[in-house]
Structure formats: C-alpha cells, structure tokens
Amino acid sequence: MNHYNEQAWKLYVEERLSPDKISEMELHLYQCDECLTIYMTCLEQMETNLPILEKDTQEYVDAIIARTTGTKRFWYHSTMLHYGIAAAATLILVATGFFHGISQELGAVGSFKPANSINTSSSLQPDKPISDQLLNKTLTWLDTLQNK
C-alpha cells in the first residue's frame, strides 16, 4: 500500500492538489489507519490557521439573514396548496363515482370458483393469476370509458 507523507496531507487539507489526486487520497483514507492518523494531526495543526468564528458569528448570522429575508417562497411551493389539490381531486373522483365504478368492474374478480378436483381436464390447465385478471378487468373498463 502506498502511504502519503505529512506534507502531502497538509496540501490535501489546504486543497492545493488536483481533483484526481484528492479523490485518490480520499480513497486511501478509507483503507489506511496510519494515514488517517497523519491526516487528523494535519487538521489539528491547520486549526490555528483557520478563522475563529466566535468573533465573526454575529456578522455571519446577519449576512445569512440579509440574504434569506429578501427571498420569498413561490406560491406553488406551499404544502397547503398541495394538500388542497389532493383533497379536491379526491372529492371530484368520489363525487363522479369513479371509485364506485372501479369497485363494480373489479368486484367479479373477488368471486373465484374453487378448482374441481373431480374434473381432471380443468385441473391440468393453470389458473390465470389474479394480477392478470385485474389487469384485464381494468383494461375492459377503460375501453368502455374510451368508447363513450
């Protein structure tokens, strides 16, 4: 396994390497505990070079608030609008009898006849799966709607 030295990890922390090299080193970090220790040491050393956020916290928060208060959500991103549309669609489907029509068309699917054990010719033929029967009933019902 090819290990990286401390200088290479410092360059990695400072992001001064090519993207290919960075991804190669990241993959190596997942496999090598020794290099992970060196990397963590480099991070701790670089901590002194990073800006202290405690002093700039209020300015940082003010900048975020200034950026986000000017933006407004679009009306079509409202959750209540989506719930309202779903409720209206459900009411329309119930009022027009859509669900009742489907239940009437598919009601016959639930009444299966048990296989006759005496008649061997019918027991040799495989039964159609319920999904095929439901699909056929639904397609027949859609065809009747389309013809109207």
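- Donor-acceptor pairing under 3.5 Å is recorded for the side chains of Y4 and E24.
- Under the salt bridge (Lys or Arg N to Asp or Glu O under 4.0 Å) criterion, E14 pairs with R16, sequence neighbours left out.
- Between A8 and L17 the shortest heavy-atom distance is O-CD1, 4.1 Å.
- Of the inter-residue distances, the one linking L11 atom CG with M25 atom CE reads 7.5 Å to the nearest 0.5 angstrom.
- Partners of Y12 according to the side chain to side chain donor-acceptor pair (under 3.5 Å) rule, which considers only residues two or more places apart in sequence or in another chain, are E26.
- Residue H100 qualifies as open at atom NE2: its count of foreign heavy atoms under 6.0 Å is 12 or below.
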Practice item. For the pair W9 and L29, evaluate side-chain contact (heavy atoms from CB on, under 4.5 Å) and give the outcome as yes or no after the intermediate values. Key: CA-CA 10 Å; W9 287 115; L29 269 180; 3.4 Å; yes

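- Atom OG of S23 and atom NE2 of H28 lie 13.5 Å apart (nearest 0.5 Å).
- Nearest heavy-atom pair, E6 versus I38, reported as atom, atom and distance to 0.1 Å: CA-CG2, 3.8 Å.
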Exercise for review: Go through L43 and M40 one step at a time and tell me if the side-chain contact (heavy atoms from CB on, under 4.5 Å) criterion holds.
Suggested key: CA-CA 5 Å; L43 273 180; M40 294 303 289; 4.2 Å; yes

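- For the pair N136 and K128, the minimum side-chain heavy-atom distance is below 4.5 Å.
- In this structure, CG on L91 lies 10.5 Å from OG1 on T96, to the nearest 0.5 angstrom.
- The shortest heavy-atom contact between T90 and A86 is OG1-O, 2.8 Å.
- Taking CH2 of W141 as the start and OG1 of T138 as the end, the distance is 8.5 Å to the nearest 0.5 Å.
- Side-chain heavy-atom separations under 4.5 angstrom define the hydrophobic clusters, and the remaining members of the one that includes L139 are L135.
- Atom OH of Y39 and atom SG of C32 lie 14.0 Å apart (nearest 0.5 Å).
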